[in-house]
Structure formats: C-alpha cells, structure tokens
Number of protein chains: 2
Amino acid sequence: MNQSGMRGDRRISPPDPPSLAERIRLEMDAFTPSEKRAAHLLLSHYPFAGLDTVAEFASRAGISAPSVLRFVTRLGFSGFPDFQKHLRGELEAQLLSPLAKSGPSDKGQGAPALASFAEAVIGNLQATVANIAPAEFGAVVELLSDPRRQIHFTGGRFTGALARYAESHFRIVRSHVNFIEGQPALWRDRVIEIGRRDVIVAFDIRRYQEDVTALCETAARQGATVVLLTDPWLSPIARVARHVLPAHIVAPSNWDSSAGLLLLTEALIAAVTKRLWDTAKPRMEAVERLRNERS
Amino acid sequence: MNQSGMRGDRRISPPDPPSLAERIRLEMDAFTPSEKRAAHLLLSHYPFAGLDTVAEFASRAGISAPSVLRFVTRLGFSGFPDFQKHLRGELEAQLLSPLAKSGPSDKGQGAPALASFAEAVIGNLQATVANIAPAEFGAVVELLSDPRRQIHFTGGRFTGALARYAESHFRIVRSHVNFIEGQPALWRDRVIEIGRRDVIVAFDIRRYQEDVTALCETAARQGATVVLLTDPWLSPIARVARHVLPAHIVAPSNWDSSAGLLLLTEALIAAVTKRLWDTAKPRMEAVERLRNERS
DNA sequence: GAAAAGCTGTATCAGAAATTTCAAGATCTG
DNA sequence: CAGATCTTGAAATTTCTGATACAGCTTTTC
C-alpha cells in the first residue's frame, strides 16, 4: 500500500518542531471512534477548535466532554488547560516566525498519493485560469444571466455528473434551466423544441462522446447558442460552439481530472448568482423555506 | 454563542475589519493608568497575551484582575470570555486567509472573479490535503479495493452529482458498484439488502440532508461500513461513519465549493485503480472496445 | 454464544476562573 | 487644603469549567 516514489519531494521547510497535528495524523489509526471524531474536528480547524471550552469542543465534535478529556490525556497532556497551552504556544511560534508562512501546515510526509495528486490538480487549476480569456468567461456569465433564455446542461459519461451539478445550482438561481440526459433516445423528441432562444452548456472531454456532439450540432443548426467546457484539445463540439472554456485535465492517474471543469462551473455559478442576486435571493430563500418546512 | 466566527460565514470582501489592536491604539489616551498597562501588554504580545486567564494577564501587566476586567468591559465586550472569543476570531481570520488579503477586490466581473475564486479554491484544496489523515485515506482505499464488497454511492441535492461521478468511474474499475438516489422512496426497498459486506460512500455537506443521513443510519444499523465525504463541520452521518474525509468548502460565493470533495474522489479513484490494476485494466479495455464497436 | 474487555455518555463533584463588592488610596477641583 | 471624584486592589461571591466515577452498551475474544 505504500506507493512510494512519486514526486512531491518539494519539502523546503526544515524539520520544524513536530506539530501536534502531525502526531495526531500519525496516531490516527490507534484512536477509538470518538477520539477520531475529536481528532478530525481539531485537524479541520487546527488549532482553533481546541481553544474553546471542553463542552464546546465536545459538542462540535459530536461527542461527550469526557471523551474529549480522554482524547487530550491520550495525547500526553496532563489536562485540557495544558493542551490549550500547547496549542497557543504552537500558534504563537508559527505566527511570529515569518518563515512558517507557506501554509497552515503542509508538514509531514502526508499521504504521498493524495498529496502529489493534489499538487497536480492544483497545477491544472492554475493553468486553466491562466488560459481562459477573461472576455470569454464574462460573455458566458452574461449569457447565463439572461433570464429570457432557456438553459440546457448536458455532458458525457463522466462529465454528465458535472452538468448535473451545474444544473442543480442554476435551477435554484434562475428559471428555465434543465438537464438533458446523454442518451440520444432520451432527447430526440425534446431537441425539436430547441431554438434561437436556447443555450446549451455542454461538458465534454477526451474520449469525446458522439451523442453529445450530435446533440450540440443539432441544437446549433436550429439556432441555439452552444457553450462548451472541454479539455485543451477541444472536443469536436468546439466547431459549433459560440464560447469555449478549456480546462487542463491531466493528472497522475489512469483517469483525467475534472477539477478544472468543476472550478469553471462553480465560478460561473458564483458569478451568475451575484449578477442575478436581486432575483436569485428570493428564490434561494424560498428553497430554504421549503427545506425547513419539510423537516 | 452566536458571535461571529463560529460558522463559516466569512465575509467576502470586507474593508478589513478594524483590528481590535488598532482601536486600542486610538483610544489609548483615554485610558486610565492601569488600563494603559493592560493595553501595552496586549499590544506588545498581540493577541496571545489576551488568551491566557485573567489572573495571568493581570499578573503580567502588573495590575489586578478587576482592572483587567474593567479594561475589556471598556472595550465593549460583555466579559472576558467574550473578549477572548473575539481575539481567537481575529487570529483565525488572519491565519487562515493569507490569500484573501492579497487580492484588492473582485468587484469587477469576468476574469478577476475567476482568478480570485480559483485562488480560494486552491486554498481549499491545500487545506483539505493538509488535514486528511493519511491512514484514513489509505484505509478507505483499502476498503474500496476489496472486490468482495458491494459499494454504494449516494449524496444530497448537490453532492449527488459527485456521488454519480464517483460511481461512473468505479463502475468501470471494479464490479459490485452502484448508485443510490437520494429520495427515500427510491431506496426504501433496496436498503433491506444492505448488510455487513456493503460499503456506503456518502457525500454530504452543509445543509445536511436528512434523507441521506437516514439512509446511512439504516445501513450502518444493518452492519454496513459507512464512508463519509463531508465538510469540516462534519455531517451528522459522521456519527455512524467508519471513515470520515473532510474537505474545505468555503468560497467567495453564495455557494459552497465542492472542489475539495472532487479532489478526494478523484484521488480515491486513482488510488483504487492502481491498487486493482490487474483486474481494472482488462475491464477498462473492454469498455473501450465496446465504445469502438458501437461507432 | 457467553464472557471479557473496551468505549462512551450521564450524572456529579471539586476547583478554578470570572465577576462583583467595597473600602482605601490617588487625583483633581475650587 | 478639604471635599468630591475617580481609580484601584483585596476579598467575597458566583458562575462555569474541567475532571471523575460509574453504569450501559458495543465489540472482541475464546
């Protein structure tokens, strides 16, 4: 299970007094279930979660106060105040040293696989942003913010999930939003209604899927505006697309990474939500209200 | 307890909340002698001096405890705990968002929005990786690599798409993989078959969805192993989950970002694919072959 | 399948910490 | 310089937090 090797040896920072966080990560296996809860909470809000009271910490971790006490005792502290004192000490040391800036805590030879994978994905995101034409992004935001237009999301085998993700958000922000399944049989009869007013947002990356291309071509022929989120090699849909947003997708895996596409999607959602805030807000509140009623 | 800070409602682009330190400097003249001593101590060791006990603070400042209390009351806090809470909040905001500082403002539409959004997402990814216990990640990989187990993916309103994304990949890598729709009506009859051999991989973030929780609880009660991908505040599913992988989700948007969850998902897919390569490879080739035949 | 071991939460307690009281001292004012 | 006002700390008080004992429950082991 030790996929050693990989790259990821960019650890510039010196030994650094082994942070408590690191020790917790290493000992994680040996913890009891509720200790793990405590550990997760602490790590996810390191170290601030630990600076509250025992009761608060317990409540946030979903465990009882005594379990928290047992947790800190197990870590070798004589009591909760002792534990807090240590955390404050670490915090002070970290904050006052101008070097320890880089990240909250990227120490530890973390999960090799996960860390190097993340590194690659982050690189993809940066490359994606760098290569998007601002005007293109803005134009798409504008397009998706037009309330008179009907928006259709679609995608291929894997990217269909992203289309669904986009649709489930846009559906709340505005009206006239829907999702088109990938299988031709399912859209053959719906596509005839697509016309000049419609916008197709298609997700399509490598191993481009013919049925998605066919859908977009048909729609474009009928006058619809096609927006394409794809990889840098551009899906054939690009030929009929009005706007193309490419994302880098290569990762140290047998599969491509869709993180860049998700980034673009979420950025679009954020931008359009802000753009349509006056109408989106009441819609979001209405959804919230329905949720609460149901429970 | 509903002081700001607790929840993830980080303001998007504040004009920099005037730090308490600054205010103290301005009001310094109006302080009494002992208040000045308190102020000097706090400023010279900002904000750590204030995180100790009243007694400690008083002793270090060379004044009495009541003077310290009067000092913080004068600053507008309802008591010493309130004062400390504020300090912790400032500290957390300052430490956790070294990026949020740099960008002047994302007022303009288009590219700036995309760039700053990307920055925040990248920060999330780094924080997510930093806080995942390698052992926990490894354990999940191991679990999902066990060919004898049945794997079920599920998620909520928005995260369901991620579950679908995971499922569509795992389905190719290995057998016994399926997707469970969110609505209880759809799984009520399927869940009875879930037992000791089954693994539920649930995606659930803020605005935790009750039906997903119910599904996991039922499954857990029947002996299934639950793996949870959630946010740092942990979905209630964490109570019954064997493994929890939290991802940071706060973004400069009205919506949360799922990029961290996607990162974890893809990393899991990559790791399991590698782990099961001997059996995964022929499966992937078979899928490829089918694709080609169809065209 | 029964016994043992281990975990966890409830109830409770002890003690520490924050807060208030009050009177002594310092400072200001006329 | 006397009275008024403000400032301050010792001590009393109250609140709350961290700690513990114990019993129920789960998991493990034989």
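Residue numbering restarts at 1 for every chain, and letters A, B, ... go by the order of the sequence lines. Atoms considered below: every heavy atom in the structure, side chains included; atoms not considered: hydrogens, waters and symmetry mates.
- Atom CZ of B:Phe71 is separated from atom C1' of C:dT19 by 17 Å (rounded to the nearest Å).
- Atom pair A:Gln84:CD and D:dT17:C1' shows a separation of 10 Å (rounding to whole Å applied).
- Closest to the side chain of B:Pro66, out of D:dT8, D:dA10, C:dT8, is D:dA10.
- In this entry the distance linking CZ of A:Phe80 with P of D:dA19 reads 8 Å, nearest Å.
- When heavy atoms are screened at a 4.0 angstrom cut-off, A:Ala65 is found touching no nucleic acid atom at all.
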Should A:Leu91 and A:Leu87 be marked as a side chain to side chain contact (heavy atoms under 4.5 Å, CB included) after you check the CA-CA gap, both sets of side-chain angles, and the distance that decides it?
CA-CA 6 Å; A:Leu91 196 52; A:Leu87 288 183; over 6 Å; no
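- Between the C1' atom of C:dA18 and the CG atom of B:Leu51 lies a distance of 16 Å, rounded to the nearest Å.
- In summary, B:Glu181 and B:Arg190 do not engage in a salt bridge, as defined by a charged side-chain N under 4.0 Å from a carboxylate O.
- A:Thr32 has no side-chain polar atom (N or O) that falls below the 4.0 Å cut-off from OP1 or OP2 of C:dG6.
- The end-to-end axis angle of the helix from C:dG1-D:dC30 to C:dG30-D:dC1, rounded to 10 degrees and based on five pairs per end, is 30°.
- Crowding of B:Arg207 atom CZ: a count of heavy atoms from other residues, nucleotides or ligands under 6.0 Å not exceeding 12.
- With salt bridges taken as basic N to acidic carboxylate O contacts below 4.0 Å, one links B:Glu35 and B:Arg74.
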Take B:Leu162 and B:Leu264 through the test side chain to side chain contact (heavy atoms under 4.5 Å, CB included) and record every step on the way to the result.
CA-CA 11 Å; B:Leu162 292 172; B:Leu264 294 176; over 6 Å; no
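- For the pair A:Arg74 CZ and C:dC7 P, the interatomic distance rounds to 7 Å; values are reported in whole Å.
- Closest approach to the A:Ser64 side chain among C:dT19, C:dG9, D:dG9 is made by C:dG9 (side chain taken as heavy atoms from C-beta onward).
- The nucleotide whose nearest atom lies closest to any side-chain atom of A:Arg70 is, among C:dG9, C:dA18, D:dG18, C:dG9.
- Within 6.0 Å of atom CZ in B:Arg242, 12 or fewer heavy atoms from other residues, nucleotides or ligands are found, so the atom counts as exposed in its surroundings.
- Between B:Leu69 atom CG and C:dT19 atom P the separation is 5 Å, expressed in whole Å.
- Within 6.0 Å of the CZ atom in B:Arg174, the count of heavy atoms belonging to other residues, nucleotides or ligands exceeds 12.
- Distances from the side chain of B:Thr53 to the nucleotides C:dC7, C:dG9, C:dA18 place C:dA18 closest.
- What separates CZ of A:Phe31 from P of D:dT27 is a distance of 20 Å, to the nearest Å.
- Note: CD (A:Glu35) to P (C:dG6) measures 13 Å, nearest angstrom.
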